[in-house]
Amino acid sequence: CSDGACVSGSICTDSDGGFDVNMSSAVSNGTVSNLWEYNEYCMNDETLVEFYCDGTDLLFEEVDCDGFPHGSLGQVCATDSNGYGYCLYE
């Protein structure tokens, strides 16, 4: 229960608001009593693992930062001060 109301069922939240390869984020997924956090990260200099929500479902995609359809030419996979990955123009 939270703030006087009991909440049940699955939840999914994305700190960057959805599928956004140019912002690093953490995605929380699970139930109120058992919530897991997934951090976007770089597999290598060009590939980002992007987590996002589809309703209450957690999804992920391996994104080529330097290619299409989600990346742009001249981008690399970078890491922010929290260790989360994102695509960045060089």
Side-chain angles (χ1 to χ4, degrees):
C1 294
S2 176
D3 294 326
C6 290
V7 180
S8 63
S10 296
I11 58 173
C12 189
T13 60
D14 186 348
S15 66
D16 72 7
F19 194 98
D20 187 344
V21 299
N22 298 118
M23 289 186 68
S24 59
S25 76
V27 176
S28 298
N29 181 252
T31 63
V32 173
S33 62
N34 190 21
L35 200 59
W36 294 84
E37 185 171 278
Y38 300 85
N39 302 323
E40 296 170 350
Y41 65 93
C42 297
M43 290 181 63
N44 54 46
D45 291 342
E46 296 178 356
T47 307
L48 170 71
V49 176
E50 169 78 14
F51 292 98
Y52 59 100
C53 298
D54 181 9
T56 59
D57 295 329
L58 171 73
L59 302 174
F60 74 94
E61 187 170 327
E62 293 177 11
V63 176
D64 179 4
C65 289
D66 192 38
F68 295 97
H70 303 297
S72 286
L73 294 176
Q75 290 193 78
V76 296
C77 195
T79 304
D80 70 10
S81 61
N82 294 314
Y84 303 169
Y86 65 103
C87 294
L88 171 72
Y89 286 104
E90 287 187 295

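These numbers come from the heavy atoms of this one structure, side chains and all, not from hydrogens, waters or symmetry mates.
- In this structure, L59 is not a member of the same hydrophobic cluster as V27, with clusters built from ILVMFWY side-chain heavy atoms closer than 4.5 Å.
- Residues near M23 contribute nothing to a hydrophobic cluster around it, because no ILVMFWY side-chain heavy atom sits closer than 4.5 Å to its side chain.
- Residue M43 is grouped with residue Y38 when hydrophobic side chains (ILVMFWY) are merged at heavy-atom distances under 4.5 angstrom, including chains of intermediate members.
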Throw together a table of side-chain donor-acceptor distances under 3.5 angstrom for residues 45-58, partners on residues two or more places apart or in other chains.
| from | atom 1 | to | atom 2 | distance (Å) |
| --- | --- | --- | --- | --- |
| T47 | OG1 | N44 | OD1 | 3.2 |
| E50 | OE2 | D20 | N | 3.1 |

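- Hydrophobic clustering (side-chain heavy atoms under 4.5 Å, transitive across Ile, Leu, Val, Met, Phe, Trp, Tyr) keeps W36 apart from V32.
- Less than 2.5 Å separates the SG atom of C87 from that of C65.
- Summarising the geometry, atom CD belonging to E62 is positioned 11.0 Å from atom SG belonging to C77; distances are rounded to the nearest 0.5 Å.
- Here S28 pairs with T13, L35, E37 under the side-chain contact (heavy atoms from CB on, under 4.5 Å) rule; sequence neighbours left out.
- For the side-chain hydrogen bond (donor to acceptor under 3.5 Å, both in side chains) test, residues two or more places apart in sequence or in another chain that qualify with D16 are S25.
- In this structure, S24 and Y84 approach most closely via the heavy-atom pair CB-CB, 3.5 Å.
- One N or O on the side chain of D80 and one on the backbone of N82 form a donor-acceptor pair closer than 3.5 Å.
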